[in-house]
2 protein chains.
Amino acid sequence: MLRLGSRTGYDIKQKIEISTRFFWGASYGQIYPELKRLAAAGLVEAAQDPRGGVKRTAYRLTPAGERVLHEWLTDRGHQLFEMRDEALLKIFFGDLLTDEELLENVRARREWCERTLELFRGIDDMAVTGWGPRESPTEALHYGLELMEWMRDWYARKERELTARARRVRRAGTTARRPR
Amino acid sequence: MLRLGSRTGYDIKQKIEISTRFFWGASYGQIYPELKRLAAAGLVEAAQDPRGGVKRTAYRLTPAGERVLHEWLTDRGHQLFEMRDEALLKIFFGDLLTDEELLENVRARREWCERTLELFRGIDDMAVTGWGPRESPTEALHYGLELMEWMRDWYARKERELTARARRVRRAGTTARRPR
DNA sequence: GCCACCATGTAATCGGTTACATGATTAA
DNA sequence: TTAATCATGTAACCGATTACATGGTGGC
């Protein structure tokens, strides 16, 4: 983020929120100590840059920092990939619920996707400036947007399948299925 | 997992690996202590169930455990959702790479998706038994499978875009773009 | 005899969040 | 005046992984 124009810890945090947050977030409790560690390691340089009476610490990469960044960027060794999706977990233990309860979970999740999409579109609409000549970080948001659309569609399909099943069950004159 | 037929900590771990692992994993270092905590809280019951000379502890839900499980399953309050995708992060800092380096990253990621898909399909092909009358946990795997297909397609599209750009650049007689 | 698998566990560590505290600046 | 935003920081905590240790069973 420093390399793309961010200067302060606060600044970095804002940039994360409008770009990578969806697949790589960070909190102040992580950012500030990390900046200090990087400075101690000689990968970034701190400079006092007060704004009026506000003390402000501006960071930038050192040549060593640039080098390490580029090494990381081109390292194709093992790369971390993980997800935690609690709502999905609940849906996959759907056997333990009635059809009605399960459908309600699926619907709630689809609506969450819808709301998250609105949020992302809102971020996308405010013209994001200060990113430098190219636009890759905006693409990060688009990845999130498109992935969220995929998720919404997946849940919408499930919803249709479940309502179709409910209709079949009703037609057959049986009561709604109960968990085993 | 206990509710779906798993009995030992080891058993739970295997089940996770072939079902929810993609969006909710767990290690032994988490499972065994957690089973003890649940037992202390009265939510599960432990019974010694030795297999020959091997000591083995089989767990099952208590009525209180069933209750708490159902409460969790139907609770539509805040539900955790997070991702960490290192490779994607590198691609979104692609501005700092040459077109060749970036393309290589995208290609490597697409191939990783391809390999992961093969892995998932392998798991899917072995008939998974011991899941009880319904099949929701298998659907977990299918969600992972379909999501991974979406990711593969996304990277494949990026790959095409980048190669098309490289061709245009070559036709225009300029050299490959360098990072700013 | 050996390897793969079944089975259980823990200590050290780590990456990260939450909650809290402080205070200046700017726009309504 | 007040609220929002800019700005920095830390202590307590937590969920989780990694690495290690141990040992039995079953099939080749």
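For clarity, every value in this text was computed on a predicted model and none was experimentally measured.
Using a 4.0 Å heavy-atom criterion, one finds that B:Gly52 contacts the sugar-phosphate atoms exclusively. A:Arg84 comes within contact range of the sugar-phosphate backbone alone, with a heavy-atom separation under 4.0 Å but no base atom that close. Across all strands shown, A:Lys13 has no heavy atoms under 4.0 Å from either base or sugar-phosphate atoms. A:Gly29 comes within 4.0 angstrom of a nucleotide base, judged by non-hydrogen atoms across all strands. In this structure, B:Ser27 reaches the bases: a heavy-atom distance under 4.0 Å links it to at least one base atom across the strands shown.
If you check C:dA7, C:dG9, D:dA7 against the side chain of A:Thr8, the one that comes closest is D:dA7. Residue B:Val54 places its side chain closer to C:dA7 than to any other of D:dT10, C:dG9, C:dA7. Closest to the side chain of B:Pro33, from the set D:dA7, C:dT8, C:dT10, is C:dT10. The listed nucleotides are C:dT25, C:dA7, D:dT8; the one nearest the side chain of A:Arg56 is D:dT8. Among D:dT8, C:dT18, D:dT17, the nucleotide with an atom closest to any side-chain atom of A:Lys55 is D:dT8. Counting only heavy atoms from C-beta on, B:Tyr10 has its side chain closest to C:dA7 among C:dG9, C:dA7, C:dA24.
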What verdict does the salt bridge (Lys or Arg N to Asp or Glu O under 4.0 Å) test give for B:Arg37 and B:Glu34, after you've listed the backbone C-alpha separation in whole Å, the side-chain angles of each residue and the deciding distance to 0.1 Å?
CA-CA 5 Å; B:Arg37 277 191 293 269; B:Glu34 186 61 32; 2.8 Å; yes
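Around CZ of B:Arg51, the count of heavy atoms belonging to other residues, nucleotides or ligands within 6.0 Å does not exceed 12.
Along DNA chain D, the nucleotide nearest to A:Ala58 and the one nearest to A:Glu82 differ in position, and the one closer to the 5' end is contacted by A:Ala58.
Rounded to whole angstrom, the span from the CD atom of A:Glu17 across to the C1' atom of C:dT17 amounts to 13 Å. The CD1-C1' distance, from B:Ile12 to C:dC6, rounds to 15 Å in whole Å. A:Arg51 places its CZ atom 18 Å from the C1' atom of C:dG23, with the value rounded to the nearest Å. Look at CZ on B:Arg21: it is 17 Å from P on D:dA16, rounded to the nearest Å. Atom C1' of nucleotide C:dT8 and atom CG of B:Asp49 are separated by 14 Å, given to the nearest angstrom. In this entry the distance linking OH of A:Tyr59 with C1' of D:dA7 reads 12 Å, nearest Å. A straight line from CG of B:Asp11 to P of C:dA7 spans 7 Å, rounded to a whole angstrom. Rounded to whole angstrom, the span from the CD atom of B:Gln14 across to the P atom of C:dA7 amounts to 9 Å.
Side-chain contact check for B:Glu86 and A:Trp72: at least one donor-acceptor pair (N or O, by modelled atom type) lies under 3.5 Å.
Between D:dG15 and B:Gln30, no contact under 4.0 Å exists linking OP1 or OP2 to a side-chain N or O. For the pair A:Tyr32 and D:dT8, the criterion of a side-chain N or O lying under 4.0 Å from OP1 or OP2 is met.
Using cut-offs of 30° and 60° for the angle between ring planes, the A:Trp150 and B:Trp150 rings count as tilted.
The minimum heavy-atom distance between A:Leu2 and A:Arg7, with the atom names listed, is CD2-O, 3.8 Å.
Between the CZ atom in B:Arg110 and the NZ atom in B:Lys158 there is a gap of 15.0 Å [rounded to 0.5 Å].
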